[in-house]
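All values reported here derive from a predicted model rather than from experimental measurement. Because only heavy atoms are used, hydrogens play no part in the values below, and waters and symmetry mates are left out as well, while side chains stay in.
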Amino acid sequence: MTLPTLVDSLREQARLRPDHPAVRCGPHVLTYAELHAAGTRVARRLRQAGLRPGDRVVYLGKESERYYEILYGCALAGTVLVPLNWRLTAVEVSHVLADSGAELVFLESAFEELLRQVDDAARPSRHVLLGDDRRDAYARWKADADADDAHGGDVADAGGALTPDTPVVQLYTSGTTGLPKGVVLAHRSFAAVRTAMAEAGVDWIDWRPEDVSLIGIPGFHVGGLWWATQNLARGATVVALPAFTARDAVRAVREHGVTTACVVPSMLRLLLAEPDVGPADFASLRKIVYGGSPITEDLLERSLRVFGAEFAQIYGLTETGNTAVCLPPADHRPGQPRMRAAGRPYPGVRVKVVDAKGAELPAGRVGEVCLATPARMVEYFGLPERTAETLVDGWVHTGDAGYLDDEGYVFIQDRIKDAIIVAGENVYPAEIEDALEKHPGVADAVVVGAPDDSWGERVHAFWVPAPGTPPTRRELHRFLTERLAAFKLPAAYEEIAHVPRNPSGKILRRELRDRLWDGRDRKVN
């Protein structure tokens, strides 16, 4: 199949519907013609500043229409955009800046102090400030582009010869363990799945020119970036929130008539908990795409009832260019076993499950899930050995434990590294968390392994109470006894105020686990 670049898609939509809104963020609106012109100005200025194809450019700021101008400007110039998680500490920012070798930083004024705290050796010599009208150096910087160049000629000329294999973004993994790695993605990562579905006539996820689409996931995460580019490639309107809150998301749905949304499960939970909000508030929604972390059956069933939209689950990694597996709307029927599946591979994507020695396992056997997708990463930037460990003969080794059923559906048990070994038995936290959250007195839960001198590890459950009278430990244990094998039952139940999560919604399991292993030489038993 012939894959378009981000440049191709932008140019096509600017030609087809120049006056249609492309991006809305608060009071700011960019049409496709304006996004095309602004992106080209950014590309011209990058080249005038001496940046060459392949140079890294950092964006440190919240979601805004300017983020998309810079994204497409970098794509047009052939430079590689590094969207940076604005919640990181100065130490973490220093690592990303040093690791990427960034030549330039686009910086929202709110994060000036954060950049000042960065190690001098890591801080790029140049930055462009995105601030209010008085301090917005970005607006002046962009305006310096030659107006004739910004509006004339072929957009692709700004970046030279781009191909689907040209690197376009470098996204840093969450870094819940060890230092974050820079995942390099090419243009094909943002076109391969969409193109394969279209050619196969599959509409598990679809994007329509008339759609108004909410992006709940931040743009420094592959899910948010991928979702935005899919909508913009089809001429839809993207509604971006500077930072997700349930109140802002509900307001955006009401005011803009949002028809589709991409979220993580924790966002669904927050939307359902928003006071005085009901099905009428979401009447415009036709489809919700979710992923990024496991979802409990209870949360999914409540979401289906309240939102009144089709649901599609996506599963993948930054390393796979986001989604590689999808649970289509047709499989979202309460009570059926497939509601527990991650889904099935898209056309053109292959999946296998392997044991610790790399041998392929038959259906029903749990092992490491491996994915072969044309959207896969180029590399971990500057880490050839780590790249070779993850990307083997075209297969991305996910680090997730799962199995295939007889019809090729993928069921994810948990992260392999998060497995709890109880007397030689593998116990996967997600299964216990799912069972715990079925109790009406439990709002949220996370399960980790604690040291046990007799059995190696024991199951330790942290749980957040729902409103009302909290259940006792005995009540929780009795509830789980009816649902789980004895070796999977928690040995301890600890009440907490909230479950720690990173900005992408993934549980920061290590924060809780490390407390239980404090003072031990090893974090395994």
Side-chain angles (χ1 to χ4, degrees), residues 6 9 22-26 30 35 58-72 74-75 80-88 96 106 108 168-175 180 182-183 185 187 189-191 193-194 205 207 211-234 236-246 248-249 252-253 256 258-268 270-271 287-293 312-324 326 375 377 501-506:
L6 293 182
S9 299
V23 180
R24 290 185 180 274
C25 188
L30 276 180
L35 179 58
V58 164
Y59 177 87
L60 177 53
K62 295 184 179 181
E63 297 293 287
S64 74
E65 74 287 352
R66 295 173 297 189
Y67 171 68
Y68 296 98
E69 294 178 2
I70 293 166
L71 166 66
Y72 284 98
C74 286
V80 178
L81 180 64
V82 183
L84 218 161
N85 183 344
W86 49 268
R87 294 184 176 94
L88 297 180
V96 173
F106 288 101
E108 191 175 312
V168 65
V169 295
Q170 186 165 312
L171 301 170
Y172 278 79
T173 54
S174 300
V183 180
L185 298 178
H187 288 263
S189 294
F190 302 97
V193 168
R194 183 183 73 249
I205 308 175
W207 299 272
D211 274 332
V212 177
S213 189
L214 179 70
I215 304 176
I217 304 172
F220 55 73
H221 185 284
V222 68
L225 181 57
W226 182 85
W227 183 251
T229 58
Q230 305 315 293
N231 280 283
L232 292 170
R234 290 289 291 132
T237 299
V238 165
V239 177
L241 302 177
F244 180 89
T245 68
D248 288 344
V253 172
H256 302 302
V258 167
T259 59
T260 64
C262 186
V263 295
V264 297
S266 59
M267 293 172 180
L268 295 174
L270 290 170
L271 288 169
K287 184 168 287 187
I288 294 176
V289 176
Y290 67 95
S293 61
Q313 179 179 216
I314 57 176
Y315 164 72
L317 293 78
T318 308
E319 290 86 342
T320 61
N322 197 39
T323 179
C326 179
M377 71 175 182
R501 287 183 164 87
N502 72 8
S504 304
K506 293 181 180 178

Would the distance check show the side chain of [X] and the main-chain N or O of [Y] forming a donor-acceptor pair, the cut-off being under 3.5 Å?
X	Y	value
Q230	F190	yes
T237	A22	no
H221	G223	yes

To the nearest 0.5 Å, what is the distance between [atom1] on [X] and [atom2] on [Y]?
X	Y	atom1	atom2	answer
C25	L241	SG	CG	7.5 Å
Y72	S9	OH	OG	6.5 Å
I217	L225	CD1	CG	11.0 Å
Y59	S64	OH	OG	3.5 Å
T320	L185	OG1	CG	9.0 Å
C326	I314	SG	CD1	7.5 Å

With the side chain counted from C-beta on, respond yes when [X] and [Y] share a heavy-atom pair under 4.5 Å apart, and no when they do not.
X	Y	result
L71	V169	yes
N322	T318	no
L60	F106	no
V168	L6	yes
F220	R87	yes

Nearest heavy-atom neighbours spanning [X] and [Y]:
X	Y	answer
N231	V238	CB-CG2, 3.8 Å
A243	W86	CB-CZ2, 4.0 Å
E63	G219	OE2-N, 2.7 Å
G321	W226	O-CD1, 3.8 Å
A375	S189	O-OG, 2.7 Å
V258	A252	CG2-O, 3.6 Å

Given side-chain contact (heavy atoms from CB on, under 4.5 Å), test I215 with V239 step by step and report yes or no. CA-CA 6 Å; I215 304 176; V239 177; over 6 Å; no
Do [X] and [Y] have side-chain N/O donor and acceptor atoms under 3.5 Å apart?
X	Y	value
Y67	E108	no
Q313	Y315	no
D211	T260	no
W227	S213	yes

Is there a side-chain contact (heavy atoms from CB on, under 4.5 Å) between L232 and V23 once you walk through the steps? CA-CA 9 Å; L232 292 170; V23 180; 4.3 Å; yes
Kindly indicate, with the supporting measurements, whether the criterion side-chain contact (heavy atoms from CB on, under 4.5 Å) is fulfilled by V82 and Y172. CA-CA 8 Å; V82 183; Y172 278 79; 3.8 Å; yes
Run the numbers on F244 and L270 for side-chain contact (heavy atoms from CB on, under 4.5 Å), then give the verdict. CA-CA 10 Å; F244 180 89; L270 290 170; 4.2 Å; yes
